[in-house]
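Here is the structure we will look at, set down as structure tokens.
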Amino acid sequence: MQKLTDEKNTFETQKNSFVFSVMDDRISTKKKNFNPIQKAIKFAQKLGLNKVKIIKKDGTLEDYNIQKVINAVNKSAQRALVEFTKGELEVLCTSVNTSVLNLKKSEIEIFQMHCIVENALETVNPRVAKSYRNYRDYKIDFVNMLDKVYKESQKIMYIGDKENSNSDSALVSTKRSLVFNQLNKELYKKFFLSVPELQAIRDGYIYIHDMNARRDTMNCCLFDVENVLKGGFEMGNLWYNEPKSLNVVFDVIGDIVMAAASQQYGGFTVPEIDKILAPYAQKTYDKNYNKYISMGISEEIAEQEALKDVKNDLHDGFQGWEYKFNTVSSSRGDYPFITMTMGLGTGKFEKLASHMMLEVRKNGQGKKECKKPVLFPKIVFLYDEELHSEGKELEELFKAGIECSQKTMYPDWLSLTGEGYIASMYKKYKKVISPMGCRAFLSPWYERGGMKPADDKDTPVFVGRFNIGAVSLHLPMIYAKSQKEGKNFYEVLDYYLELIRGIHKRTYEYLGEMKASINPLGFCEGGFYGGHLGLHDKIKPLLKAATASFGITALNELQELYNGKSLVEDGEFALEVMQYINKKILEFKEKDGHLYAIYGTPAENLCGLQVQQFRKKYGIVEKVSDKGYVSNSFHCHVSEKIGPIEKQDLEGRFWELLNGGKIQYVKYPVSYNTKAVETLVKRAMEKGFYEGVNLSLSYCDDCGHQELNMDVCPKCGSKNLTKIDRMNGYLSYSRVKGDTRLNDAKMEEIKDRVSM
């Protein structure tokens with residue numbers, strides 16, 4: 001011990017002598033050529049410091065090494081745009097070596113070493129000390145972030161995840177994707193969001209949808225499959241010639257959809273599929289007709305047989321899609337949310353394709369004695385009164401659609417000739433605004449004028465466009481905050497609207513720097529509007545036609561919080577708020593030049609999260625946060641004892657205030673009553689709605705018995721049931737072999753349903 005003390009005293013004398021010499025003459029000839037690092041290492045060895053062990057964060061031991069200290073402080077200096085002199089480095093080394101010696105320990109925690117280095121830096125250059133401290137905190141943040149990801153990954157691996165009913169978290173591929181998504185979500189929060197934005201999402205005043213994906217790509221879209229097919233295209237470094245037959249085009253479209261949908265998130269819609277398939281049906285018919293004629297068969301028989309071949313190919317093709325889209329998960333780990341719209345084609349093969357699509361869906365898939373409908377693709381019937389009403393050309397197709405809806409809940413119905421924005425675009429331009437996924441709709445983008453038509457002849461484009469993401473307001477929380485803090489509600493609302501606006505603006509800028517190679521089918525092969533870029537071109541020019549959504553949840557709870565009345569009892573304040581938001585978003589569009597849209601949020605997992613967030617801040621409030629869920633967007637509370645006609649009228653008040661995303665649905669309290677379904681759908685079409693038929697479909701997987709709603713099979717007593725319920729704007733399994741893919745909040749909401 002005496003020897004160690006003597007060496008320490010010697011070292012102190014040398015250190016002090018050197019410090020004074022640096023202060024007197026930093027650039028003296030004597031000091032010009034010395035190497036402070038080598039000198040520090042030599043002193044450390046002389047004092048026995050090379051025998052000291054550093055305990056790393058993971059518990060392992062590492063030899064004390066002053067060189068590693070120098071490397072770390074030089075990096076911190078570079079970040080602060082500082083370059084140390086040799087003299088400053090020697091002072092640092094001397095200070096660190098001395099502090100380690102003074103601890104008189106054979107093992108030192110890494111945290112203690114950081115403190116020693118930080119203190120030494122404070123004496124030499126406080127600016128670099130701050131840089132070192134910030135970087136150390138940054139690394140601690142990363143450790144905490146990875147620890148959070150690890151905990152979530154353990155839950156996913158052993159318990160599962162029910163945030164998205166479209167993902168089967170029992171599958172290994174889905175588990176991997178969910179773990180990656182958790183990491184991506186944390187990276188998004190760490191590097192993309194400001195502190196006020198982080199605070200807003202943490203408290204629950206806003207909700208940023210799909211944080212796990214929005215750093216990488218775009219949201220839902222209307223994919224231009226027809227344009228990709230025309231003339232052939234390249235996919236996966238392989239050239240695909242344009243198909244020459246119906247059975248081949250079904251396979252190719254399936255490949256396109258699975259490949260392209262994997263490169264985005266949200267809904268993937270193929271608009272007017274009947275019109276896309278018709279030319280290939282004609283090619284198949286012509287080929288087979290000529291074959292039969294060449295065999296010496298009469299023209300009449302040849303026509304019949306060729307038509308039969310087309311019908312068989314259509315049947316097998318639609319059935320193949322139902323198999324593929326419901327069993328093959330995408331690279332994201334989920335089943336892509338695929339929607340197809342149909343019903344306007346009046347040609348022979350267009351009508352045939354529409355009829356066969358409905359027929360295949362109505363008959364279901366599965367064992368012969370236990371067939372049930374699939375979930376994908378979601379089918380949307382495009383309703384034109386001049387084509388589908390009584391006595392019109394496509395009346396039979398309409399009736400086939402009703403029969404399919406009352407058996408399977410799909411198709412949903414989109415009015416093109418009723419009232420409002422969507423119908424007005426069709427009536428004026430004959431352009432269809434198909435829904436993207438469950439309910440999102442695009443704002444107009446004109447071929448020459450952009451956001452506004454250049455002249456009377458300018459026409460809007462919808463096919464090939466997409467959304468870049470949604471951020472939702474939690475209106476009841478915003479109102480509660482204004483009341484608690486004694487502030488004007490609209491001033492508080494403006495603050496959160498501006499936050500969302502800022503997030504959207506940065507998202508446009510950030511995604512604009514992405515290369516077309518992120519989705520070659522979309523950006524290079526024509527799937528997106530203007531999508532003929534080179535692989536290495538930036539996608540920024542195509543984002544001009546993209547929308548960004550301001551989501552709305554819980555209008556019913558907002559009205560309850562305002563005056564203790566529901567949307568059924570009142571609703572005037574909720575209407576006033578929506579009118580105000582529409583005015584603000586219009587101002588944002590004009591100032592920023594971006595296509596902002598207002599979206600009725602389909603809260604799946606969010607319906608339960610928002611209740612938890614509200615309770616944490618403002619407690620349990622009757623009819624606001626006393627249940628496990630909040631109402632979706634502008635819908636009446638599911639427990640309201642109102643009929644379908646009354647519900648249509650009440651929700652119709654908000655219809656034109658959420659043109660960026662909306663659906664109206666009512667519960668049909670009838671057992672497979674075709675006439676009742678037809679009457680309510682026609683009424684919805686007159687009002688200009690996008691209408692969903694809502695039943696609760698139940699199937700016994702043991703004996704095949706079907707009922708609208710059952711928990712135990714009355715025929716065989718089995719509890720091995722499959723139940724299909726409307727999640728929000730789409731269908732999902734509320735029960736599969738006794739289990740559910742839905743979260744507890746959504747299951748509670750389904751249990752309370754009366755009017756939905």
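- In this view, Tyr410 satisfies the ring-ring contact (aromatic ring centres under 6.0 Å, His included) rule with no residue, not counting sequence neighbours.
- Look at Lys565 and Glu572 and you find no salt bridge, because none of the NZ, NE, NH1 or NH2 atoms lies under 4.0 Å from a carboxylate O.
- Not counting sequence neighbours, the partners of Ala400 by the side chain to side chain contact (heavy atoms under 4.5 Å, CB included) test are His355, Leu358.
- Heavy atoms from other residues, nucleotides or ligands lying under 6.0 Å from NZ of Lys371 number more than 12.
- Donor-acceptor pairing under 3.5 Å is recorded for the side chains of Asp384 and Tyr426.
- A side-chain donor from one of His209 and Ser472 sits under 3.5 Å from a side-chain acceptor of the other.
- Applying the salt bridge (charged side-chain N to carboxylate O under 4.0 Å, His left out) definition to pairs two or more places apart or across chains, those involving residues 627-647 are Lys627-Asp752, Lys647-Glu651.
- When the ring-ring contact (aromatic ring centres under 6.0 Å, His included) test is applied to Tyr665, the partners found at least two apart in sequence or on another chain are His635.
- Relative orientation of the Phe381 and His388 rings is perpendicular, given thresholds of 30° and 60° on the angle between their planes.
- Shown here are the ring-ring contact (aromatic ring centres under 6.0 Å, His included) partners of Phe654, two or more places apart in sequence or in another chain: there are none.
- The pair Lys362-Glu403 counts as a salt bridge, with a side-chain nitrogen and a carboxylate oxygen less than 4.0 angstrom apart.
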side-chain hydrogen bond (donor to acceptor under 3.5 Å, both in side chains) between Ser549 and Asn467, worked out: CA-CA 8 Å; Ser549 300; Asn467 184 283; 2.9 Å; yes

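- Checking each of Arg439, Gln664, Arg726 against Asp412 for a side-chain hydrogen bond (donor to acceptor under 3.5 Å, both in side chains) leaves exactly one that passes, namely Arg726.
- For the residue pair Glu557 / Tyr562, no side-chain donor-acceptor distance below 3.5 Å is found, with atom types taken as modelled.
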side-chain hydrogen bond (donor to acceptor under 3.5 Å, both in side chains) evaluation trace for Lys746 with Asn605: CA-CA 7 Å; Lys746 186 53 66 175; Asn605 183 64; over 6 Å; no

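- Atom CE of Met409 and atom CG of Leu731 lie 4.5 Å apart (nearest 0.5 Å).
- Using a 4.0 Å cut-off between charged nitrogen and carboxylate oxygen, Lys372 and Asp701 count as a salt-bridge pair.
- Under 3.5 Å, the side chains of Asp570 and Asn563 contain a donor-acceptor pair of N or O atoms.
- Of the inter-residue distances, the one linking Glu385 atom CD with Phe398 atom CZ reads 10.5 Å to the nearest 0.5 angstrom.
- The shortest side-chain heavy-atom distance between Thr601 and Leu606 falls under the 4.5 Å cut-off.
- A perpendicular orientation is assigned to the rings of Trp655 and Phe634, their planes being inclined by more than 60° (bins at 30° and 60°).
- Note on Lys275 versus Glu272: salt bridge recorded, some NZ/NE/NH1/NH2 to OD/OE distance being below 4.0 Å.
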Derivation of the side-chain hydrogen bond (donor to acceptor under 3.5 Å, both in side chains) call for Ser566 and Asn556: CA-CA 6 Å; Ser566 69; Asn556 180 73; 4.5 Å; no

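- Residue pairs meeting the salt bridge (charged side-chain N to carboxylate O under 4.0 Å, His left out) criterion with at least one member in residues 679-694, sequence neighbours excluded: Asp649-Arg683, Asp649-Lys687, Glu678-Lys682.
- Residues Asn709 and Lys723 bring a donor and an acceptor atom of their side chains to less than 3.5 Å of each other.
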